[in-house]
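Predicted model only: the values in this text are computed from it and were never measured.
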Amino acid sequence: MNRSTLLRAAVAAASVSLLAACGGNAGADGEEKKPSSAASTPSGAEAFTVTHVGGPTAVLEIAGQRILIDPTFDAPKKYKSGMSKVKGPAFGPEKLGKIDAVLLSHDQHDDNLDGKGRELLKDVPVVFSTPGAHKRLGDHITPMKSWEQRELKSSGGTIKVTAVPALHGPDGVDRGADGEVTGFVLSGKGVPTTYISGDNASVKVAKQVGDRIKKDIGAIDTAVLFAGAARTPAILDNAPLTLTSKNAALVAKDLNPRKVVPLHTDSWDIYSEDIKSLVKAFKDQGIDGKLVDLEPAGEKKNLS
């Protein structure tokens with residue numbers, strides 16, 4: 001049974017207008033896998049799931065829409081920038097299925113938007129990113145300044161997308177256009193409020209974002225944190241350009257979301273820390289129960 005047939009069967013069985021999380025998963029080999037009981041969604045509820053593709057790339061199914069974060073689909077290779085991709089994606093764009101929108105934290109660096117990711121953007125209805133990305137990539141990109149809001153509408157309802165600040169390096173630095181990056185918040189009626197950090201390395205910035213979200217929108221249900229402590233000798237004397245494991249745990253403790261989705265810790269040679277150090281840091285803070293286990297990559301995980 002192919003993926004589309006299985007999803008139609010799931011929709012009919014659940015009598016909902018959009019696919020349920022029990023609709024099956026595509027693994028790294030593209031073969032259909034039976035859903036686990038942990039990935040099911042109660043009858044009548046919208047799916048809220050995440051599928052990790054690799055690095056910062058993931059698919060969120062939320063409020064009836066499928067949203068792709070930072071598309072990277074190249075096979076392992078070395079780039080002109082000097083960084084290398086050391087592990088390919090769990091599946092290619094041809095296995096991705098319909099995507100309603102892309103949240104692109106920034107376009108300047110290969111580890112957040114690679115060659116195949118750039119090609120994919122042309123086939124997506126909506127791409128939210130930075131003003132700089134709009135200038136470089138063209139009018140297909142919807143530019144968003146910090147705290148600007150847009151809406152994604154579907155038959156399942158409306159998702160409010162808010163761009164939020166992110167700092168691509170230590171507190172106090174200004175990397176200019178090369179460091180321009182954004183985070184996002186998804187919210188709305190029936191939408192679990194979800195914070196996506198982007199390539200932010202600052203605990204201070206994340207706390208400021210969290211305080212404003214809680215004040216203006218409400219409690220954060222899920223935090224998608226880019227960690228891995230990315231470093232490169234050519235930039236800021238090898239300072240971390242994304243959250244260290246310790247700082248990711250401090251951010252999670254401050255924001256106090258129900259779930260934490262850890263991204264950007266694998267597939268590239270720029271990370272100085274991995275998922276094991278992240279788990280340890282969360283255990284040290286007594287919040288490891290919030291972490292979502294994304295293994296194996298390519299398998300849909302329930303966030304409800």
Side-chain angles (χ1 to χ4, degrees), residues 3 7 10-11 14 16-26 35 38-53 56-71 90 96-105 120 124-129 142 144 149-164 182-198 209-210 213-214 216-226 252 255 257-264 290-294 297-304:
R3 183 179 181 85
L7 290 179
V11 171
V16 294
S17 59
L18 294 163
L19 64 91
C22 57
N25 305 305
S40 63
T41 298
S43 178
E46 295 286 5
F48 183 32
T49 67
V50 62
T51 303
H52 185 215
V53 179
T57 308
V59 179
L60 280 179
E61 293 186 31
I62 182 169
Q65 301 197 47
R66 301 184 77 245
I67 296 175
L68 179 63
I69 300 170
D70 281 10
L96 189 57
K98 179 179 180 291
I99 294 296
D100 297 292
V102 166
L103 301 181
L104 178 61
S105 66
L120 182 147
V124 179
V126 182
V127 181
F128 295 121
S129 193
T142 300
M144 296 185 70
Q149 295 182 330
R150 302 277 183 163
E151 291 184 342
L152 287 172
K153 295 184 178 181
S154 74
S155 58
T158 299
I159 298 175
K160 184 178 292 184
V161 180
T162 305
V164 296
T182 187
F184 298 95
V185 174
L186 307 178
S187 63
K189 184 178 180 180
V191 181
T193 299
T194 302
Y195 166 57
I196 301 162
S197 72
V209 170
I213 293 170
K214 293 171 187 176
D216 294 350
I217 299 174
I220 298 170
D221 179 88
T222 299
V224 180
L225 300 182
F226 287 25
L255 299 183
R258 184 177 57 86
K259 297 279 189 180
V260 175
V261 177
L263 295 182
H264 220 354
K290 294 180 180 292
L291 276 172
V292 177
D293 183 1
L294 297 178
E299 184 173 293
K300 189 183 298 184
K301 302 290 184 174
N302 182 40
L303 296 176
S304 297

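- Here the closest non-hydrogen pair linking Pro257 and Val260 is CG-CG2, 3.7 Å.
- When all heavy atoms of Lys301 and Val292 are compared, the closest pair comes out as CB-CG1, 4.3 Å.
- With hydrogens and angles ignored, the 3.5 Å screen pairs a side-chain donor or acceptor of Thr182 with a backbone N or O of Val164.
- Nearest heavy-atom pair across Thr57 and His52 is O-CD2, 3.2 Å.
- One distance of note links CD of Gln149 with OG of Ser187; it measures 6.5 Å at 0.5 Å rounding.
- Under the 3.5 Å distance criterion, the side-chain polar atoms of Ser154 are left unmatched by any main-chain donor or acceptor of Gln65.
- Going from atom CG of Leu68 over to atom CG of Leu60 covers 9.0 Å, rounded to the nearest 0.5 Å.
- For Lys214, there are no salt bridge (charged side-chain N to carboxylate O under 4.0 Å, His left out) partners two or more places apart in sequence or in a different chain.
- In this view, Asp216 and Arg212 satisfy the salt bridge (charged side-chain N to carboxylate O under 4.0 Å, His left out) rule, not counting sequence neighbours.
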side-chain contact (heavy atoms from CB on, under 4.5 Å) between Leu152 and Val126, worked out: CA-CA 9 Å; Leu152 287 172; Val126 182; 4.3 Å; yes

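- With 3.5 Å as the limit, one finds a donor-acceptor pair spanning the side chains of Ser105 and Asp70.
- Residues Leu255 and Gly210 approach most closely at CD2-CA, 3.4 Å, considering heavy atoms.
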From CA spacing to verdict: side-chain contact (heavy atoms from CB on, under 4.5 Å), Tyr195, Leu186: CA-CA 7 Å; Tyr195 166 57; Leu186 307 178; over 6 Å; no

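- The CE atom of Met144 sits 6.5 Å away from the CZ atom of Arg150 when rounded to the nearest 0.5 Å.
- What you find for Leu263 and Pro56 is that their closest heavy atoms are CD1-O, 3.4 Å.
- Here the OG atom belonging to Ser197 is positioned 5.0 Å from the CG atom belonging to Leu225, to the nearest 0.5 angstrom.
- In this structure, Arg66 does not pair ionically with Asp100, as no charged nitrogen and carboxylate oxygen lie closer than 4.0 Å.
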For side-chain contact (heavy atoms from CB on, under 4.5 Å), just list the numbers for Ile99 and Leu120, CA-CA rounded to whole Å, side-chain angles, deciding distance to a tenth of an Å, and then say yes or no. CA-CA 10 Å; Ile99 294 296; Leu120 182 147; 5.7 Å; no

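- Nearest heavy atoms, Ala163 versus Phe184: CA-CD2, 4.4 Å.
- With respect to Lys160 and Glu151, no salt bridge is recorded, no charged nitrogen being found less than 4.0 Å from a carboxylate O.
- Interatomic distance, CZ of Phe48 versus CD1 of Ile62, reported as 4.5 Å (0.5 Å rounding).
- Annotation: side chain of Val50 is not in contact with side chain of Val59 (no heavy-atom distance under 4.5 Å).
- Residues Thr193 and Ile213 are in side-chain contact: their nearest non-hydrogen atoms beyond the backbone lie under 4.5 Å apart.
- Taking the side chain as every heavy atom from C-beta outward, Thr49 and Leu303 never approach each other to under 4.5 Å.
- Ile196 is not listed as a side-chain neighbour of Val261, based on a closest heavy-atom distance of 4.5 Å or more.
- For the side chain to side chain contact (heavy atoms under 4.5 Å, CB included) criterion with Phe128, the lone passing option out of Thr162, Leu103, Val102 is Leu103.
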